[in-house]
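Computed from a prediction, not measured in an experiment: that's the story for all the values here. Residue numbers start from 1 in every chain, and the chains themselves are labelled A, B, ... in the order their sequence lines are given, proteins ahead of strands.
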Amino acid sequence: MVIANAMAEFMAPGSEVKSISVARPGFINFVLRDDWLTSQVESILWAGDSYGDINLGQRSRVQVEFVSVNPTGPLHVGHGRGGVLGSTLANVLAASGYDVEKEYYINDAGSQIDAFHRSLYARYKQAFGLAAEMPPNGYLGGYMVDLAKEIIAEQGDKFIKLPEAEALKELGQLGLEKVIAQIKADLDSLGVQFDVWFSEKSLFANGQYAKAMSILEKGGYIAQREGATWFVSTALGEDKDNVVVRGDGSPTYFASDIAYHYNKFIERKFDKVINIWGADHQGHVSRMKAVVGAMGIPPERLVVIISQMVTLRRGTELVKISKRSGDIITLREVIDEVGRDACRFFFLSRTADSQMDFDMELAKKQSADNPVYYVQYAHARIASILRLAGERGIDFSGGDVARLTTEPELALIRKALFLPEIVEVAASTLGPHHLCYYAQDLAAAFHSFYMQCRVVTDDEALTRARLKLVQAAKTVLAKTLHLMGMTAPERM
RNA sequence: GUCCCUGUAGCUCAGUAGGAUAGAGCAGCUGCCUUCUAAGCAGCGGGUCGCGCGUUCGAAUCGCGCCAGGGACGCCA
């Protein structure tokens, strides 16, 4: 308190600050001048779409890798959450001055893909009435039967005639491409796009896997034991070591991931790598960071965000999304039913850390309970005002922001000025969910203003001033929605 | 057993580096449409921040220990 008083003595109100006061137990409060505040409306309009952009990242290169589901079947809601999280985070980081690359890692090697090939081959043969058994760890979902039928419709029985090894390879490859195309299409309809689709197989073909291993070997992190090759994570404080090459000589998923991260940091030289993984990969995090450290890279340059599980419900009724049970609800079905904007908003509205109930009933509701519409409605209302002004042949040109003096007007400006700070918080905490809450706050400030201040009136000067404010609010609202990957509707 | 996440209002959840009287939506109750979209606005009620101890001038936030829910601990990915 004493210190605050002493400091306050040396500070004087200026062009931005109206008054300075000290409050217990030692806060110094600055009150902004109204004319400074209103002048910011001009700044927002001047900045336009780039309003809210900051330079936190100073163009450092960051990769965001997300979704990366094994291309062995359709996406479910949990993957949708990861997709929305990743794409929004990428938007936020780009707005924060980072050079962002979005990547999908295609697991097109390894034993699960092998099981996929065999499953597809079996379904394919069965479709011709031939006896074929599904492999023990096969994919039993109905989509495999459909996939086989689709291929038959296009290619006929040509794979029956081939020797099994060849058929497996070619049919498998074809099936894989189809599944990937489907995944791409589903994500696209959620507004999720990638810059790079990275093939796991390529790591082996181009020798990077071997390079990564030799780095670890030179560091003394590789040991031969029990017929297998191990990464000695215990040397780095881990609970246990992990197998990288099996007794039969085939590399594990962990081995691929080692090569993949070698590629990210050493070949492609990203300053920072952000991986968004599902909750089931949580145990993989610490050993991956250990690997990065073992390759001589500061482990904090690798950030793994674990996106927790999603349970689907309709009202109070739980919807099963189990893969085994067969009555799996795919992401595609949820998007079709709920719509892209609502999906994105709901996936975004929780921190990645906490498990989520996705209530399809609520997401679909076109009513006050649904925050998606609340926010978009604000934008549509502004558009409507601007349309009316247009019909009356009036716009904001020459509007004098000094005419904006009432509390609802000033409150709206204050809220609009928060966007850059929200972007900074979302980027530095890697928490895009802040956007949802901000969007609702901003919409609330607008709705309140709308109720209390009529924009288009006979007072032409005031009308022009308020049109200016409303245009600025629209800019900020649209920017916020676009960062979230949502549309800003002109009418609803 | 070890590790990760969560526990805040009746419900669903926010709460940046520890800071002022802990916030929002929904649900409940009051009011508000002759004028730019009522998918809206204004107001009221509602909380031992899971429990305990500690660090601090100050803890929902940090540390330790419990309790409860979810998840991971494979030569699967």
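Comparing the P positions of B:C67 and B:A20 gives an interatomic distance of 32 Å, to the nearest angstrom. Nucleotides B:C3 and B:G58 are separated by 31 Å at their P atoms, to the nearest Å. When the P atom is compared between B:C73 and B:G15, the two are found 28 Å apart, to the nearest whole Å. B:G70 and B:G65 are spaced 22 Å apart, taking the P atom of each and rounding to whole Å. Separating the P atom of B:G50 from that of B:A59 is a span of 15 Å, rounded to the nearest Å. A gap of 25 Å separates the C1' atoms of B:U48 and B:C5, to the nearest Å. B:G25 and B:G45 have their P atoms separated by 15 Å, with the value rounded to a whole Å. Comparing B:U8 with B:G40, their C1' atoms sit 29 Å apart, to the nearest whole Å.
Both distances falling under 3.5 Å, in either a Watson-Crick or a G-U wobble arrangement, place B:C3 opposite B:G71. Across all strands shown, B:U35 remains unpaired; no Watson-Crick or G-U wobble contact has both distances below 3.5 Å.
Ring pair A:His284/A:Phe254 is perpendicular by interplanar angle, where above 60° counts as perpendicular and below 30° as parallel.
Residues A:Gln112 and A:Asn107 have side chains that never bring a donor and an acceptor to within less than 3.5 angstrom of each other.
Side-chain proximity of A:Val456 to the nucleotides B:C36, B:C5, B:A14 is greatest for B:C36. Proximity note for A:Thr252 (side chain, C-beta onward) versus B:A14, B:G69, B:C75: the nearest is B:C75. In this structure, of B:G15, B:G40, B:A72, it is B:G15 that holds the atom nearest to the side chain of A:His434. Each of B:G69, B:U6, B:C75 was ranked by its minimum atom distance to the side chain of A:Arg246; first place goes to B:C75. In the set B:A77, B:G40, B:A72, B:G40 carries the atom at the smallest distance from any side-chain atom of A:Met451. Which of B:A42, B:G40, B:U12 sits closest to the side chain of A:Arg350 comes down to B:U12. Of the candidate nucleotides B:C75, B:A77, B:G70, B:C75 has the atom lying nearest to any side-chain atom of A:Val243. Residue A:Arg454 places its side chain closer to B:C36 than to any other of B:C36, B:G71, B:C75. With B:C36, B:C76, B:A14 as the candidates, the nucleotide lying closest to the side chain of A:Tyr437 is B:A14. Residue A:Tyr253 has its side chain nearest to B:A77 when only B:U16, B:G70, B:A77 are considered.
Side chain A:Gln308 to base B:C5: no donor-acceptor pair is found below 3.5 Å. For B:A20, the base has a donor-acceptor partner in the side chain of A:Asn29 [N/O atoms by modelled type, under 3.5 angstrom].
Judged by ring centres under 5.5 Å apart and planes tilted less than 30 degrees, A:Phe27 stacks against the six-membered base ring of B:A20.
Looking only at distances, a side-chain donor or acceptor of A:Ser60 sits under 3.5 Å from a matching main-chain atom of A:Gly57.
Using a 4.0 Å cut-off, some side-chain N or O of A:Lys240 falls inside it from OP1 or OP2 of B:G74. Here A:His433 reaches the OP1 or OP2 of B:G15: one of its side-chain N or O atoms lies under 4.0 Å away. Of the side-chain N and O atoms in A:Arg381, one or more sit less than 4.0 angstrom from OP1 or OP2 of B:A38. Listed pair A:Ser448 / B:A42 meets the phosphate criterion, a side-chain N or O lying under 4.0 Å from OP1 or OP2.
Within the 4.0 angstrom heavy-atom criterion, base atoms lie near A:Glu226. Using a 4.0 Å heavy-atom criterion, one finds that A:Ala228 contacts the bases of the nucleic acid, with or without backbone contacts as well.
Residues A:Tyr105 and A:Tyr260 place their aromatic rings such that the two centres sit under 6.0 Å apart.
Spacing between atom OH of A:Tyr450 and atom C1' of B:A39 amounts to 12 Å, rounded to whole angstrom units. Straight-line distance from the CZ atom of A:Phe345 to the P atom of B:A39: 18 Å, rounded to whole Å.
Each of A:Ile28 and A:Arg287 was matched to the nucleotide of RNA chain B holding its nearest heavy atom; the match closer to the 5' end belongs to A:Ile28.
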